[in-house]
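What's counted below: heavy atoms across the whole structure, side chains too, no hydrogens, waters or symmetry copies.
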Amino acid sequence: MYIMYHGTSVDSAKNIMKNGFRPSEDGMLGPGIYLSRNASKAGCFPMHISEDQRVVLKVEVDVGKVKRITHLGGLQKTWHDHGYDTAWIPQSCDLTKREENCVWDPNRIRVIAVEKAPSGHLDELKRLLGSEDQEDNSFCTII
């Protein structure tokens, strides 16, 4: 298990809290849920909204079988077809300066805290996380 971070919008964070993660259709590593062990990297996403509207969720991830990706091509977007659960780009390789992960199955990811959120939305996100905690995530904590 690893602790990672996911950057998203307020509305998407609420949806994740209520319904779980939904894989993206594409990205540098193909479809999946994009995460980083670097909270500041996660805080840069989504790039199309202003920084003060971004949410960073702290998550616990069962990465399963991991494929290390260090260059374009190869299994860059097809890793899952070859039996991998997660693709990982290490820090400072040719593809990115900060490490990145793409997890295929959203059931491998659990939100454990709201790391960062706009102050006007923080209480609601904490409540949503707390209600999820009461249902089946007894290890959840809210920062």
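In terms of modelled atom types and a separation under 3.5 Å, the side chain of Arg54 and the main chain of Ile49 share a donor-acceptor contact. Tyr34 places no side-chain N or O within 3.5 Å of a backbone atom of Pro23 that could act as its donor or acceptor partner. With hydrogens and angles disregarded, no donor-acceptor distance shorter than 3.5 Å links the side chain of Lys116 to the backbone of Val55.
Stacking of Lys58 on the aromatic ring of Tyr5 is not recorded, the 6.0 Å distance cut-off and the 45° axial limit not both being met.
Contact check on Asp85 versus Lys67 returns no salt bridge, with no Lys/Arg side-chain nitrogen under 4.0 Å from an Asp/Glu carboxylate oxygen.
Under the 6.0 Å cut-off for aromatic ring centres, Phe21 and His6 qualify, their centroids lying closer than that.
Asn38 and Ser36 are not linked by any side-chain donor-acceptor pair at a separation below 3.5 angstrom, with hydrogens and angles left out of the test. For Glu100 and Trp88, the side-chain atoms include no donor-acceptor pair closer than 3.5 Å.
Placement of Leu122 and Val111 within a single hydrophobic cluster is found when ILVMFWY residues are connected by side-chain heavy-atom separations under 4.5 Å, directly or transitively.
With sequence neighbours excluded, the residues satisfying side chain to side chain contact (heavy atoms under 4.5 Å, CB included) with Met1 are Glu60, Asp62. Lys14 pairs by the salt bridge (Lys or Arg N to Asp or Glu O under 4.0 Å) definition with Glu124, not counting sequence neighbours.
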Go through the steps for Lys18 and Leu128 under the test side-chain contact (heavy atoms from CB on, under 4.5 Å), then give the verdict.
CA-CA 7 Å; Lys18 292 175 186 174; Leu128 287 169; 3.9 Å; yes

Going through the checks in order, is the side-chain contact (heavy atoms from CB on, under 4.5 Å) test met by Val59 and Tyr2?
CA-CA 8 Å; Val59 298; Tyr2 286 86; over 6 Å; no

Step by step, would you call Ile89 with Thr70 a side-chain contact (heavy atoms from CB on, under 4.5 Å)?
CA-CA 6 Å; Ile89 301 174; Thr70 58; over 6 Å; no

Please step through side-chain contact (heavy atoms from CB on, under 4.5 Å) for the pair Met28 and Cys102, ending with a clear verdict.
CA-CA 9 Å; Met28 182 186 294; Cys102 183; over 6 Å; no

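Taking OG of Ser9 as the start and CD1 of Ile16 as the end, the distance is 8.0 Å to the nearest 0.5 Å.
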